[in-house]
Visitor: 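Let me give you the structure first, and then I'll get to my questions.
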Amino acid sequence: MGVVTAQPETTGTPTSLKTKRVLLAAPRGYCAGVDRAVVAVEKALDLYGPPVYVRKEIVHNKHVVSTLQARGAIFVDETDEVPEGETVIFSAHGVAPIVHEEAAARQLKTIDATCPLVTKVHHEAKRFAAIDYDILLIGHDGHEEVIGTAGEAPEHVHLVDGPGDVPNIEVRDPEKVVWLSQTTLSVDETMETVRRLRERFPKLQNPPSDDICYATQNRQVAVKKMAPDVDLMIVVGSRNSSNSVRLVEVALEHGARDGHLVDFATEIDEAWLAGVDTVGVTSGASVPEILVRDVLSWLAERGYGEVQEVTTAEESLVFSLPRELRTDLKAAGMATTGTSDHA
């Protein structure tokens, strides 16, 4: 996990809340893993030319996916939809080993854009399975990241879908149990799930390092700081983005009067602004900044022109592009680093 340095508050609460204003969370938007994955698709299109196939959505954001489609990326649900011999990119959420085997059988050129922090959880699952532990994987049933992690050791993994699922869990040996988690969960809910698991399994081991990613935690911390001063929290993000959905929940749990998730500014309902003095704005880790700027412009047109940034952390982590892609870019004399066009 990246090293994040806490920063002092950059805003206070004005003595009067009558002035319409926006509190803008920092950090927000793209994390290092998302930027890496999106850049991987952009660079692959530049290098190989379209079409480039992508298994699942490269990241969970409608705008990013549609923009890449316009450039020639073809998104598929399964590997067998990719013509033999073509290039396929695996999404930031990771895939199970069987997907790599399917790609090899079809002689596909693969570029693995799995977020390195997700890869870390995969390695943890393999490590504990090798010493015959039961692995309690905290996450949402059906989420692509959970499917990929569970696929590393399906005979050892038990999915725990929140605190309410804890009573349903049975293990072979309560002395050999470890918990891991999806990287994009609510920190508070995950810790409550762990607390309940430990009541059932006192010998439960923690993962070697925190599984919830730095960006997910940082965005939640910023929202927690803002929420008590916010009448309405607008989170920019797609509904299939787990970390974006969590931000709305965190805002409401920590004092925001109202909160909504929107993909685009055009989805904001003006009725939400009734009686609202302070609007909080943030975005999930797969959201390009241009969508946040659109929301700020929409709000400014309706009198919310004062914007105060609330900074709770600084982020500087950068991941290198997938090895397979870097090799081909270098051979072609093209840059092996860069920032997404959508950042």
Side-chain angles (χ1 to χ4, degrees), residues 7-31 34 59-64 140 184-189 215-313 315 342:
Q7 301 293 308
E9 291 181 43
T10 56
T11 66
T13 303
T15 55
S16 172
L17 292 178
K18 296 305 180 183
T19 301
K20 290 183 177 181
R21 63 171 182 164
V22 173
L23 296 184
L24 179 62
R28 61 185 177 276
Y30 270 14
C31 63
V34 164
V59 297
H60 287 156
N61 184 266
K62 287 182 180 180
H63 174 81
V64 172
H140 298 304
T184 55
L185 300 179
S186 159
V187 177
D188 294 339
E189 183 176 332
T216 296
Q217 295 188 53
N218 287 348
R219 281 146 191 72
Q220 290 178 18
V221 168
V223 165
K224 288 179 185 179
K225 181 65 181 176
M226 292 161 53
D229 296 326
V230 164
D231 301 308
L232 168 67
M233 183 72 75
I234 295 176
V235 177
V236 186
S238 295
R239 283 159 182 77
N240 62 340
S241 168
S242 177
N243 76 89
S244 298
V245 172
R246 300 288 84 73
L247 288 174
V248 178
E249 296 173 351
V250 168
L252 294 173
E253 289 166 1
H254 287 82
R257 196 180 78 196
D258 192 13
H260 297 276
L261 181 67
V262 299
D263 264 296
F264 306 103
T266 53
E267 296 177 1
I268 302 173
D269 187 341
E270 291 203 41
W272 299 343
L273 300 177
V276 168
D277 295 313
T278 302
V279 180
V281 175
T282 189
S283 58
S286 53
V287 177
E289 182 66 8
I290 187 173
L291 301 184
V292 175
R293 295 296 157 186
D294 288 346
V295 168
L296 295 178
S297 295
W298 189 95
L299 290 168
E301 291 170 0
R302 288 153 181 84
Y304 298 85
E306 179 187 339
V307 178
Q308 297 176 317
E309 194 164 76
V310 179
T311 302
T312 54
E315 296 177 350
H342 309 292

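We use all heavy atoms of the structure for the numbers below, so side chains are in, but hydrogens, waters and symmetry mates are not.
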Visitor: Using 0.5 Å steps for rounding, measure from the NZ atom of K20 to the CG atom of D231.
Guide: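 Going from the NZ atom of K20 to the CG atom of D231 covers 11.5 Å.
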
Visitor: If every non-hydrogen atom of S286 is compared with every non-hydrogen atom of P288, which pair is closest and at what distance?
Guide: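 Where S286 meets P288 most closely, the heavy atoms are O-CD, 3.7 Å.
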
Visitor: Would you give the length of the straight line joining atom OG of S238 to atom NE2 of H63, rounded to the nearest 0.5 angstrom?
Guide: 10.5 Å

Visitor: Looking at every non-hydrogen atom in both residues, tell me the closest pair between N243 and A285 and how far apart they are.
Guide: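 Shortest heavy-atom separation between N243 and A285 comes out as OD1-N, 2.8 Å.
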
Visitor: Only distances under 3.5 Å count here; give the side-chain donor-acceptor pairs of residues 245-257 to other protein atoms, sequence neighbours excluded, each with its distance to 0.1 Å.
Guide:
{"unit_1": "R246", "atom_1": "NE", "unit_2": "E249", "atom_2": "OE1", "d": "2.8"}
{"unit_1": "R246", "atom_1": "NH1", "unit_2": "H140", "atom_2": "NE2", "d": "3.1"}
{"unit_1": "R246", "atom_1": "NH1", "unit_2": "S242", "atom_2": "O", "d": "3.4"}
{"unit_1": "R246", "atom_1": "NH1", "unit_2": "S242", "atom_2": "OG", "d": "3.1"}
{"unit_1": "R246", "atom_1": "NH2", "unit_2": "E249", "atom_2": "OE2", "d": "3.1"}
{"unit_1": "H254", "atom_1": "ND1", "unit_2": "V250", "atom_2": "O", "d": "3.0"}
{"unit_1": "R257", "atom_1": "NH2", "unit_2": "A274", "atom_2": "O", "d": "3.4"}

Visitor: Please determine whether side-chain contact (heavy atoms from CB on, under 4.5 Å) holds for the pair L23 and K225, giving the CA-CA distance in whole Å, both sets of side-chain angles, and the decisive distance to 0.1 Å.
Guide: CA-CA 10 Å; L23 296 184; K225 181 65 181 176; over 6 Å; no

Visitor: Which atoms form the tightest heavy-atom contact between V279 and V230, and what is the distance?
Guide: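 Heavy atoms of V279 and V230 come nearest at C-CG1, 4.5 Å.
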
Visitor: Got a second to check how far E309's CD is from R28's CZ, nearest 0.5 Å?
Guide: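 Rounded to the nearest 0.5 Å, the CD-CZ separation comes out at 5.0 Å.
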
Visitor: Under the criterion side-chain contact (heavy atoms from CB on, under 4.5 Å), I'd like the reasoning laid out for E267 against L261: C-alpha separation, chi angles, the key distance, then a yes or no.
Guide: CA-CA 9 Å; E267 296 177 1; L261 181 67; over 6 Å; no

Visitor: Do L24 and V292 come close enough that some side-chain heavy atom pair is under 4.5 Å?
Guide: yes

Visitor: Please find the pair of heavy atoms, one from S244 and one from G284, that lie closest to each other, and give the distance.
Guide: OG-CA, 3.3 Å

Visitor: Please round to the nearest 0.5 Å and tell me the distance separating atom SG of C31 and atom CD of E315.
Guide: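 If we round to the nearest 0.5 Å, C31:SG and E315:CD are 8.0 Å apart.
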
Visitor: Write down the atom of T282, the atom of A25, and the distance for their closest heavy-atom approach.
Guide: OG1-CB, 3.4 Å

Visitor: Heavy-atom distance under 4.5 Å between the side chains of D188 and K224, does that happen here?
Guide: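 D188 reaches K224 side chain to side chain.
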
Visitor: Do the side chains of V307 and V281 get nearer than 4.5 Å, heavy atoms only?
Guide: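 The answer is no, as the side chains (C-beta and beyond) never meet within the 4.5 Å cut-off.
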
Visitor: Does the side chain of V235 reach to within under 4.5 Å of the side chain of V223, using non-hydrogen atoms?
Guide: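 No, side chains not in contact.
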
Visitor: Show the numbers, then the answer: is there a side-chain contact (heavy atoms from CB on, under 4.5 Å) between Q308 and M226?
Guide: CA-CA 11 Å; Q308 297 176 317; M226 292 161 53; over 6 Å; no

Visitor: Please lay out, stage by stage, how D229 and V310 fare under the test side-chain contact (heavy atoms from CB on, under 4.5 Å).
Guide: CA-CA 11 Å; D229 296 326; V310 179; over 6 Å; no

Visitor: For the residue pair P27 and A222, what are the closest heavy atoms and their distance?
Guide: O-CB, 4.4 Å

Visitor: To the nearest 0.5 Å, what is the distance between CD1 (I268) and CD1 (I234)?
Guide: 4.0 Å

Visitor: Picking from V276, L296, L232, what satisfies side-chain contact (heavy atoms from CB on, under 4.5 Å) with Y304?
Guide: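 Output: one option passes, namely V276.
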
Visitor: I'd like to know if the side chain of R21 and the backbone of D277 have a donor-acceptor N/O pair within less than 3.5 Å.
Guide: no

Visitor: If you round to the nearest 0.5 Å, how far is CH2 of W272 from CG of D258?
Guide: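 Going from CG on D258 over to CH2 on W272, the span is 8.0 Å.
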
